[in-house]
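All heavy atoms count here, side chains included; hydrogens, waters and symmetry mates do not.
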Amino acid sequence: MELKGKKVVVTGGGSGYGKGIAAALSAAGAEVWITGRNRGKLEAGAREIGAKAIVADVTSGADWDRVFKTVGDVDILVNNAGVGGRIVPLAEQGDADIATVIAANLTGAMMGAARAAKAMSARKSGMIVNISSVCAIHAWPRWSVYTAAKAGLLKFSHALHTEMRPFGVKVTCVIPSWGRTDFNRTAGIIG
């Protein structure tokens, strides 16, 4: 795919995988917009990689609407944003913890993909890339909620691929393993 001049939205683009993905796409000539909730980190990341920043929460439909209105015709959507929550046994997870992890890792990506799918299917082009996790295909103690969200994202991607194929829209899911991110610290795995 020729990236020069393509409009790309990368969620969770202020750090980690999202920032790396956005930097690579920007270097390839794409017009990259990164989203995230932390304005300072997001704007610093955007300056560093030559992207544009939009403060937005993937779990908010209103924020998604604002992103698509601001950017216009999105050629590529990269659903990267997510949270690990607390990596503890399910018996220690509160209802709010569970809801947050599912919303940030699965529901938010679905909300963004729904908006992208509507526009992309109408013009018969585009790509949706969902960033899952190796947890989607493996099972470890204490990771049940995060695993469920990322496995859901993988199967959602598979189903959406078959749904969008007749419209010329590509859908794929990337399953990374460990990388240089803040995941372990924010999930309470390391201090």
Side-chain angles (χ1 to χ4, degrees), residues 7-23 25-26 30-46 49 51-87 95-120 126-133 135-136 145-160 164 169 171-176 179 181-183 186-187:
K7 288 186 179 181
V8 181
V9 172
V10 179
T11 66
S15 62
Y17 289 141
K19 185 177 175 185
I21 292 165
L25 292 168
S26 182
E31 178 186 321
V32 179
W33 297 73
I34 59 174
T35 73
R37 296 176 297 173
N38 182 317
R39 180 180 300 278
K41 184 166 48 170
L42 191 65
E43 290 176 350
I49 64 176
K52 298 175 184 178
I54 302 175
V55 176
D57 182 340
V58 296
T59 67
S60 166
D63 282 9
W64 272 115
D65 290 339
R66 186 170 41 80
V67 167
F68 276 84
K69 183 177 181 182
T70 301
V71 176
D73 288 334
V74 174
D75 296 296
I76 303 169
L77 170 62
V78 180
N79 280 314
N80 168 74
V83 299
R86 294 183 321 123
I87 305 302
D95 293 345
D97 298 325
I98 294 168
T100 295
V101 171
I102 299 298
N105 291 291
L106 179 57
T107 311
M110 290 174 156
M111 291 166 65
R115 286 153 175 83
K118 183 176 182 178
M120 292 175 180
M127 176 178 262
I128 299 169
V129 180
N130 295 319
I131 308 300
S132 183
S133 164
C135 290
V145 176
Y146 182 75
T147 294
K150 290 302 190 177
L153 185 59
L154 176 60
K155 291 313 292 179
F156 167 72
S157 302
H158 186 199
L160 187 60
M164 298 305 292
V169 177
V171 178
T172 192
C173 188
V174 178
I175 304 174
T181 70
D182 290 335
F183 183 94
T186 59

Review point. Can you list the residues that meet the salt bridge (charged side-chain N to carboxylate O under 4.0 Å, His left out) rule with K19, with sequence neighbours excluded?
Key: E48
Point to revise | Check: T11 side chain, N80 main-chain N or O, donor-acceptor pair, under 3.5 Å | key: yes
Check your understanding: Can you find a pair of side-chain heavy atoms, one from M120 and one from M127, that are under 4.5 Å apart?
Key -> no
Practice item. Report the distance from atom OG of S15 to atom NZ of K41, rounding to the nearest 0.5 Å. Key: 3.5 Å
Exercise for review: Using atom types as modelled and distance alone, determine if a side-chain donor or acceptor of W64 lies under 3.5 Å from a backbone N or O of A113.
Suggested key: no
**Study point:** Minimal non-hydrogen separation, A81 against G12, with atom names
**Key:** CB-N, 3.7 Å
Practice item. Could you tell me which non-hydrogen atom of G84 sits nearest to which non-hydrogen atom of Y146, and how far apart they are? Key: CA-CD1, 3.8 Å
Practice item. Supply the atom-to-atom distance L25 CG to W33 CH2, rounded to the nearest 0.5 angstrom. Key: 15.0 Å
Check your understanding: Got a second to check how far D95's CG is from T100's OG1, nearest 0.5 Å?
Key -> 10.5 Å
Revision key, fill the gap. One should read off an interatomic distance between M110 CE and I102 CD1, to the nearest 0.5 angstrom, of 10.0 Å
Review point. Are the side chains of I21 and I131 in touch, meaning some heavy atoms are under 4.5 Å apart?
Key: yes
Exercise for review: Search all heavy atoms of I34 against all heavy atoms of A46 and return the closest pair with its distance.
Suggested key: CD1-N, 3.7 Å
Practice item. Please report the shortest heavy-atom distance between N105 and A149, naming the atom on each side. Key: CB-CB, 3.7 Å
Check your understanding: How many angstroms lie between NE2 in H158 and OG1 in T172, if you round to the nearest 0.5 Å?
Key -> 11.0 Å
**Study point:** Nearest atoms (heavy-atom pairs only) where G13 meets L42
**Key:** C-CD1, 4.4 Å
Practice item. With the side chain counted from C-beta on, respond yes when V145 and D97 share a heavy-atom pair under 4.5 Å apart, and no when they do not. Key: no
Check your understanding: When rounded to the nearest 0.5 angstrom, what is the spacing between OG in S157 and CE in M164?
Key -> 12.5 Å
Practice item. Give the intermediate values and the outcome of side chain to side chain contact (heavy atoms under 4.5 Å, CB included) for residues I128 and N79. Key: CA-CA 8 Å; I128 299 169; N79 280 314; 4.1 Å; yes
Review point. With sequence neighbours excluded, what pairs up with R37 under the salt bridge (charged side-chain N to carboxylate O under 4.0 Å, His left out) test?
Key: none
Contacts table for residues 69-78: side-chain donor-acceptor under 3.5 angstrom, sequence neighbours left out:
from, atom 1, to, atom 2, distance (Å)
T70, OG1, R66, O, 2.8
D75, OD2, K7, N, 2.8

Practice item. Provide the closest heavy-atom pair for A109 versus N130 in the form atom of the first, atom of the second, distance. Key: CB-OD1, 4.4 Å
Review point. Does the T59 side chain pair with the main chain of A103, one donor and one acceptor, at a distance under 3.5 Å?
Key: no
Review point. Between D65 and R115, does a side chain to side chain contact (heavy atoms under 4.5 Å, CB included) hold up when you go through it step by step?
Key: CA-CA 8 Å; D65 290 339; R115 286 153 175 83; 2.6 Å; yes
